[in-house]
Engineer: 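Okay, handing you the structure first.
Just so we're clear, the structure is a prediction, and the values are computed from it rather than from any experiment. Numbers restart at 1 for each chain; the letters A, B, ... are given by sequence-line order, proteins then strands.
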Number of protein chains: 2
Amino acid sequence: MSKLGKPASLDEFDRKILSVLQRDNTTPQRTIGEAVNLSAPAVQRRIKRMTEEGVIEANVAVVDPGAVGQSITIFVEVEVISETLEQIRKAKREFVDAPEVQQCYYVTGEADFILIVIVSSMAEYEALTHRLFFDNPNVKRFRTFVAMDRVKVGLAVPV
Amino acid sequence: MSKLGKPASLDEFDRKILSVLQRDNTTPQRTIGEAVNLSAPAVQRRIKRMTEEGVIEANVAVVDPGAVGQSITIFVEVEVISETLEQIRKAKREFVDAPEVQQCYYVTGEADFILIVIVSSMAEYEALTHRLFFDNPNVKRFRTFVAMDRVKVGLAVPV
DNA sequence: GCTGAAAATAATTCACT
DNA sequence: AGTGAATTATTTTCAGC
């Protein structure tokens with residue numbers, strides 16, 4: 001959910017703090033302060049403000065899918081038939097609600113949605129395709145790409 | 001980088017801890033302990049072990065791209081000409097080294113790579129396509145999908 | 001091996017300048 | 001925004017299972 005309240009102008013201090021937190025948010029505020037030439041409380045205040053403004057959306061641990069069952073990462077391009085606002089909203093909701101769907105984007109181009117799905121078996125994926133796609137009369141077409149290697153993974157944003 | 005050293009067998013405690021940390025890794029260990037019926041030090045030891053084993057790959061802050069310049073998320077399907085091991089490795093390296101490339105997967109299907117790119121303007125994306133694709137004789141074709149909405153974003157894994 | 005309890009250390013938060 | 005005190009969390013040590 002993006003905060004639309006403010007432009008949330010960030011100064012150079014904020015940007016530097018963010019770039020540290022995107023790599024490792026367990027970095028002590030004191031260490032961050034030394035890196036950006038600010039006291040620890042000042043760093044803390046800025047982090048708190050950016051969290052309240054929604055600049056920092058979440059703080060999460062990144063888990064290796066392979067360690068938790070033999071997980072399979074799959075990309076799915078989905079094309080829908082009707083692109084009315086209501087249909088799009090409904091499709092979004094269905095995709096978001098599926099726990100197997102890790103990331104979902106509404107896109108321009110030859111597809112309408114791109115989904116990143118994580119399952120523990122192809123049988124599970126097949127079941128998911130039935131539930132999300134075949135049983136959905138508004139889905140015209142979908143294409144599957146199975147990831148053989150997660151070459152680079154990150155949610156970081158250039159700051 | 002996936003740790004291949006051990007199967008890293010996780011018990012129910014580990015899985016519960018992971019599922020908490022994937023939502024919010026700033027949750028105090030004491031609170032986690034109460035949730036999973038374990039003492040704070042026990043929680044801490046398990047987190048440390050899973051971090052060393054690579055089960056926990058990173059701890060990161062998720063930043064709203066819109067807050068940091070008006071960032072644009074783009075998906076790119078890349079098809080290469082030669083799929084020799086050496087060419088694949090070389091392509092991987094080039095994609096990984098580009099800071100605009102946030103996520104990169106090597107996939108089966110009609111494409112060979114799927115990239116998730118974040119740029120602050122289409123001009124920047126165009127420059128990137130020249131650098132990564134047009135100037136690379138091994139790239140046969142690429143397709144661009146511009147994200148209009150990040151419907152769901154997460155790196156969490158079902159545990 | 002693992003746990004939980006207590007002490008020591010280090011972090012964060014708050015009042016004040 | 002910085003300083004220092006108070007609070008809170010994390011880390012280590014250690015005894016017991």
Engineer: Which heavy atom in A/Lys140 sits nearest to a heavy atom in A/Ile81, and how many Å separate them?
Structural biologist: CB-CG1, 3.6 Å
Engineer: With nearest nucleotide decided by heavy atoms, which residue, A/Thr31 or B/Ala42, maps closer to the 5′ end of DNA chain C?
Structural biologist: B/Ala42
Engineer: Rounded to whole Å, please give me the gap between CG in B/Leu21 and P in D/dT10.
Structural biologist: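 Those two atoms, CG and P, are 11 Å apart.
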Engineer: Ignoring hydrogens and angles, write down the donor-acceptor pairs under 3.5 Å from the side chains of residues 29-39 of chain B, residues two or more places apart or on other chains.
Structural biologist:
from    : atom 1 : to      : atom 2 : distance (Å)
B/Ser39 : OG     : B/Ala42 : N      : 3.4

Engineer: Look for any protein N or O under 3.5 Å of an N or O in nucleotides 12-17 of chain C and output each such pair with its distance, or none.
Structural biologist:
from   : atom 1 : to      : atom 2 : distance (Å)
C/dT12 : OP2    : A/Gln29 : N      : 3.0
C/dT13 : OP2    : A/Gln44 : NE2    : 2.5

Engineer: Between P on D/dT12 and CD1 on B/Ile47, what's the gap in Å once rounded to a whole number?
Structural biologist: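 The answer, rounded to whole Å, is 13 Å.
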Engineer: What's the CG-P distance between A/Asn37 and D/dA1, to the nearest Å?
Structural biologist: 14 Å
Engineer: Between the side chains of B/Asn25 and A/Asn59, is a donor N or O closer than 3.5 angstrom to an acceptor N or O?
Structural biologist: no
Engineer: Would you give me the side-chain donor-acceptor pairs under 3.5 Å for residues 111-122 of chain B, sequence neighbours excluded?
Structural biologist:
from     : atom 1 : to       : atom 2 : distance (Å)
B/Asp112 : OD2    : B/Val80  : N      : 2.8
B/Ser120 : OG     : B/Glu124 : OE1    : 2.7
B/Ser121 : OG     : B/Glu124 : N      : 3.1

Engineer: Quickly work out the A/Phe13 CZ to D/dA1 C1' distance and round it to whole Å.
Structural biologist: 10 Å
Engineer: Over all heavy atoms of both residues, which pair between A/Pro65 and A/Arg150 is shortest? Give the atoms and the distance, please.
Structural biologist: CD-NH2, 3.2 Å
Engineer: Check every strand shown and say whether B/Arg49 touches a base, only sugar-phosphate, or nothing at a heavy-atom separation below 4.0 Å.
Structural biologist: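 Result for B/Arg49 = nothing.
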Engineer: Among the clusters formed by ILVMFWY side chains lying less than 4.5 Å apart, do A/Phe13 and B/Val63 turn up in the same one?
Structural biologist: yes
